Structure formats: structure tokens, C-alpha cells
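The next block holds one structure in the form of C-alpha cells; read it before the comments.
Only a predicted model underlies this, so the values are computations on that prediction, with no experimental measurement involved.
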Amino acid sequence: MTNGLQSLETKIQWVIDLEEIKMLMAKYCHGIDKKELATFLSIWSADADYLLPRGEGHGIEGIRQLVEKVWQQVPQCHHHITNPVVDITGDTATARADVFYFRLTADGTHQLLSGGYDFAFTKSDGEWKIRKLEFAAFVTASPIFAANDRG
């Protein structure tokens, strides 16, 4: 998007697409953290792939099964996606972003984790969806502030 010869309309569409893609990332965080299944499932394309260290989900049903497994193993979490770098080409896009999140595991362990997300997006009928999301950890789990835990 650095070509100065692009029309104003093209540039405006790029900004709209970028904001819609960033909204999908935010809905991912809200959906998984607040256990809002409808919100969480609404962001994925029908043929999406969700790839985590704890398993893989393919298609909407596979993604539903994987997120329910995550919710059993990690009853509380709070994600923060930062530094997204988005590349939009027509009706497809990719993004790399950093993520850090706090979690309470089923065994009562409090942790702070960080890693990266690799996204692929697709636009169909004017609506962006996540086609692929893969998590890659780059820092192992760190214990956090258990003494300050309020439950």
C-alpha cells in the first residue's frame, strides 16, 4: 500500500479492510476469554484451521471442539494481541501479531505466556473471516502474582 498512484477509493477500502481484520483479532480475544461461543465461532471461515500446541481444529465443528477443550483445561484467560502487521492483497490477507496472555489452568496454576500468531484471512461476500490461525510460543510460561490473586 505504498504506491502513491492508488486512488483515494482504493486507499479508503484498504483502511476499511484493515480495521475489519483488526476487529476479527479483537473478537477472537473477547470470544475465547469470555467464553462467548457464538462470537468465537462467528469469526472463522467454514474451512478454517485453528492450530495450537494443545491441538488442531479444522472447520467450524473442529474449532468448536478445540475451544471447548481449551476452556476445560484453561478455565480463565485474558489475551492481548499487539503489534499486528497486516498484508492485504485483494480478498486475502495475512497478519503476524504478538500475543501475551494471563491464564489460570485447571490445576490452579497462574501463568503469563507470550507468543506469536500467524493469521490468514479471506473475504467472501464482502465479509472478512479468519481462514487460519496458528500460535507459536516464543517465551515459556512464567508464574505470575499468585499472592495478588482475587479468584
Side-chain angles (χ1 to χ4, degrees), residues 1-105 110-142 144-145:
M1 171 78 192
T2 58
N3 183 343
L5 300 176
Q6 291 179 324
S7 71
L8 181 59
E9 182 177 310
T10 299
K11 291 177 182 181
I12 291 170
Q13 185 59 55
W14 183 86
V15 171
I16 291 168
D17 290 339
L18 178 64
E19 289 302 313
E20 289 177 0
I21 288 167
K22 287 169 32 180
M23 183 63 73
L24 287 174
M25 291 184 212
K27 285 183 176 182
Y28 170 82
C29 293
H30 285 279
I32 198 166
D33 292 345
K34 295 170 179 66
K35 298 181 183 174
E36 294 176 355
L37 186 60
T39 297
F40 190 80
L41 295 180
S42 73
I43 64 176
W44 303 92
S45 67
D47 61 345
D49 297 310
Y50 185 30
L51 311 171
L52 300 175
R54 69 181 66 246
E56 296 183 2
H58 304 284
I60 300 299
E61 181 57 23
I63 290 168
R64 183 194 61 75
Q65 290 174 10
L66 180 55
V67 77
E68 288 178 352
K69 176 182 175 182
V70 168
W71 289 336
Q72 283 182 323
Q73 296 175 355
V74 183
Q76 293 179 3
C77 57
H78 195 82
H79 289 72
H80 302 269
I81 292 177
T82 63
N83 308 322
V85 177
V86 180
D87 182 31
I88 303 167
T89 305
D91 289 342
T92 62
T94 58
R96 297 192 64 177
D98 296 329
V99 60
F100 69 93
Y101 64 103
F102 301 93
R103 74 179 182 184
L104 172 65
T105 61
H110 294 267
Q111 297 173 317
L112 170 63
L113 293 92
S114 62
Y117 283 137
D118 286 318
F119 287 93
F121 302 92
T122 185
K123 187 177 185 181
S124 179
D125 296 324
E127 185 175 15
W128 285 100
K129 297 282 185 172
I130 298 172
R131 169 61 190 86
K132 179 182 169 190
L133 173 53
E134 184 171 4
F135 172 77
F138 58 79
V139 175
T140 58
S142 301
I144 60 161
F145 321 113

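Between the CD atom in Q6 and the NZ atom in K11 there is a gap of 6.5 Å [rounded to 0.5 Å]. Going from atom OG1 of T39 over to atom CG of L41 covers 9.0 Å, rounded to the nearest 0.5 Å. Rounding to the nearest 0.5 angstrom, the gap separating the CG atom in L18 from the CD1 atom in I21 is 6.5 Å. Atom OG1 of residue T92 and atom CG of residue D17 lie 10.5 Å apart, to the nearest 0.5 angstrom. Annotation: the span from N83 atom CG to D98 atom CG amounts to 4.5 Å, rounded to 0.5 Å. Atom CD1 of I63 and atom NE2 of H58 lie 9.0 Å apart (nearest 0.5 Å).
The side-chain heavy atoms of L52 and V70, taken from C-beta on, include a pair separated by under 4.5 Å. Under the 4.5 Å side-chain criterion, counting only non-hydrogen atoms from C-beta, I88 is in contact with V86. Using a 4.5 Å heavy-atom threshold, the side chains of I81 and C29 count as touching. Side chains of I16 and E20 form a contact here, defined as non-hydrogen atoms less than 4.5 Å apart.
Between the W44 side chain and the F40 main chain, a donor and an acceptor come within less than 3.5 Å of each other. A donor-acceptor pair under 3.5 Å is formed between the side chain of W71 and the backbone N or O of I32.
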Item checked: Verdict with supporting geometry, Q76 and T105, side-chain contact (heavy atoms from CB on, under 4.5 Å) -> CA-CA 7 Å; Q76 293 179 3; T105 61; over 6 Å; no
Next item on the list: Begin with the C-alpha distance, continue with both residues' side-chain angles, and end with the deciding distance and a verdict on side-chain contact (heavy atoms from CB on, under 4.5 Å) for H80 and V99.
Entry: CA-CA 6 Å; H80 302 269; V99 60; 5.8 Å; no
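In this model, a donor atom of one side chain and an acceptor atom of the other lie less than 3.5 Å apart for R54 and Q73. A donor-acceptor contact closer than 3.5 angstrom links the side chains of T10 and S7. Residues Q65 and E61 bring a donor and an acceptor atom of their side chains to less than 3.5 Å of each other.
Considering every non-hydrogen atom in both T82 and F100, the closest pair reads CG2-CE2, 4.2 Å. Taking every heavy atom of both residues into account, A97 and P84 meet most closely at CB-CA, 4.0 Å. For the pair I43 and K27, the tightest heavy-atom approach, listed with the atom from each and the gap, is CG2-CB, 3.6 Å. Nearest heavy-atom pair, T122 versus S45, reported as atom, atom and distance to 0.1 Å: CG2-CB, 4.0 Å.
Taking the six-membered ring where the residue is Trp, Y117 and H79 present parallel rings, their angle staying beneath 30° rather than reaching 60°. Taking the six-membered ring where the residue is Trp, F119 and F121 present parallel rings, their angle staying beneath 30° rather than reaching 60°.
Shown here are the salt bridge (Lys or Arg N to Asp or Glu O under 4.0 Å) partners of E56, two or more places apart in sequence or in another chain: there are none. Looking at residues two or more places apart in sequence or on another chain, you find a salt bridge (Lys or Arg N to Asp or Glu O under 4.0 Å) between R96 and D118.
Salt bridge status for K132 with E134: present, with a side-chain N to carboxylate O gap under 4.0 Å. Taking 4.0 Å as the cut-off between side-chain N and carboxylate O, K129 and E127 count as a salt-bridged pair.
A salt bridge (Lys or Arg N to Asp or Glu O under 4.0 Å) check over residues 28-42, counting only residues at least two apart or in different chains, returns nothing.
Aromatic pair Y50/F135: centroids not less than 6.0 angstrom apart. Checked against a 6.0 Å centroid threshold, the rings of F102 and H78 do not count as neighbours.
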